[in-house]
Amino acid sequence: FSLGEELETAALLEPLCEEFDVDIAIHNHGRRHHLGAPYALDRVFAQTSMNIGLCLDTAWMLDSGCDPVDIAQKYSNRLYGVHVKDFIFDRAGKSEDTIVGQGNLRLDDLVKGYGGHLTLEYELGYRGSAAGEQALCRRDESGVEQAIGQWAAQARIGSHAIRCVF
């Protein structure tokens with residue numbers, strides 16, 4: 001596939017990144033997205049500066065058939081954020097949102113050694129009533145909070161509170 005438009009955009013953005021001392025990140029979006037798999041990211045990163053990095057969406061990387069922990073390690077020098085989301089898959093490979101830590105994401109392994117930005121996501125509406133799902137998420141929060149607490153200590157961000165954001 002061609003990366004023409006993406007590389008043209010990067011060429012416009014890179015001087016601005018340099019001028020204003022900011023980095024930007026690609027947010028991968030699964031097997032159906034043309035920048036959703038590592039081979040596509042490899043091609044982009046080979047042709048761009050370190051100002052262009054990755055905001056790793058863990059669930060969509062799972063959807064691409066890759067382990068987000070391995071991808072985080074592979075692109076650690078360009079990992080500018082992690083969008084923590086979890087999926088489970090049915091026998092046909094169809095993804096379904098689930099509470100972080102209850103699906104295929106190895107959350108504890110993901111946060112080891114990572115001190116960058118994290119966003120935690122769970123989308124309501126997939127398993128019944130919003131109130132019921134919020135209760136499930138809050139009940140399971142302690143495991144997520146423990147893993148995120150480990151990340152917070154590594155990142156040296158001090159005290160924190162993490163809650164499911166719907």
Side-chain angles (χ1 to χ4, degrees), residues 1-87 89 93 95-98 100-101 103-125 144-145 147-166:
F1 68 92
S2 171
L3 290 174
E5 193 172 296
E6 288 80 5
L7 294 175
E8 287 174 20
T9 301
L12 292 171
L13 292 173
E14 285 184 296
L16 295 171
C17 291
E18 286 292 325
E19 181 179 347
F20 295 102
D21 193 29
V22 296
D23 295 322
I24 59 175
I26 296 167
H27 182 150
N28 62 292
H29 238 262
R31 62 186 145 181
R32 291 175 197 88
H33 187 265
H34 67 282
L35 293 176
Y39 68 85
L41 297 171
D42 287 341
R43 289 184 59 197
V44 171
F45 296 155
Q47 298 179 57
T48 58
S49 73
M50 294 297 290
N51 292 118
I52 309 282
L54 175 64
C55 176
L56 173 63
D57 187 311
T58 57
W60 287 115
M61 193 53 73
L62 286 167
D63 183 68
S64 292
C66 300
D67 183 342
V69 174
D70 294 341
I71 298 303
Q73 292 169 349
K74 177 178 181 172
Y75 298 118
S76 62
N77 65 332
R78 288 193 186 226
L79 190 59
Y80 300 151
V82 178
H83 185 176
V84 181
K85 183 175 173 178
D86 209 348
F87 277 163
F89 298 90
S95 62
E96 181 181 332
D97 279 85
T98 191
V100 171
N104 292 287
L105 176 63
R106 296 183 298 126
L107 182 60
D108 288 339
D109 292 332
L110 179 71
V111 299
K112 285 180 187 166
Y114 177 68
H117 299 283
L118 285 179
T119 303
L120 180 62
E121 178 185 350
Y122 172 69
E123 294 186 33
L124 286 173
V144 172
E145 195 160 356
I148 301 298
Q150 175 187 356
W151 160 81
Q154 292 167 174
R156 295 186 179 98
I157 64 168
S159 63
H160 71 287
I162 188 74
R163 297 292 177 257
C164 292
V165 178
F166 303 100

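These figures come from a predicted structure and were not determined experimentally.
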My understanding is that only residues two or more places apart in sequence, or in another chain, count here; which of them pass side chain to side chain contact (heavy atoms under 4.5 Å, CB included) with [X]?
X     : result
Ala72 : Leu56, Leu79, Leu110
Thr48 : Leu7, Ala10, Glu14, Val44, Phe45, Ile52, Arg78
Glu18 : Asn51

Self-check item: Derivation of the side chain to side chain contact (heavy atoms under 4.5 Å, CB included) call for Met61 and Leu41
Solution: CA-CA 12 Å; Met61 193 53 73; Leu41 297 171; 4.2 Å; yes
Self-check item: Pairing residues for His33 by the ring-ring contact (aromatic ring centres under 6.0 Å, His included) criterion, not counting sequence neighbours
Solution: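 With neighbours one apart ignored, the set is empty.
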Quiz prompt | Partner residues of Asp109 under the side chain to side chain donor-acceptor pair (under 3.5 Å) criterion, sequence neighbours left out | solution =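 Here the qualifying residues are Arg106, Lys112.
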Quiz prompt | With sequence neighbours excluded, residues passing side chain to side chain donor-acceptor pair (under 3.5 Å) with Tyr75 | solution = Asp42
Quiz item: Which heavy atom of Pro68 sits nearest a heavy atom of Leu62, and at what distance?
Solution: CD-CD2, 3.5 Å
Practice problem: Just say parallel, tilted or perpendicular for the rings of Phe89 and Phe87, cut-offs at 30° and 60°. | Solution: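 Perpendicular, since the angle between the ring planes exceeds 60°.
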Quiz item: Atom CD1 of Ile71 and atom CG of Asp57: how far apart are they, to the nearest 0.5 Å?
Solution: 12.5 Å
Quiz item: When rounded to the nearest 0.5 angstrom, what distance separates CG in Leu16 from CG in Asp21?
Solution: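 One finds 13.0 Å between CG of Leu16 and CG of Asp21.
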Quiz prompt | Asp86 side chain to Asn104 backbone, donor-acceptor under 3.5 Å | solution =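 Yes, Asp86 side chain to Asn104 backbone: donor-acceptor pair under 3.5 Å.
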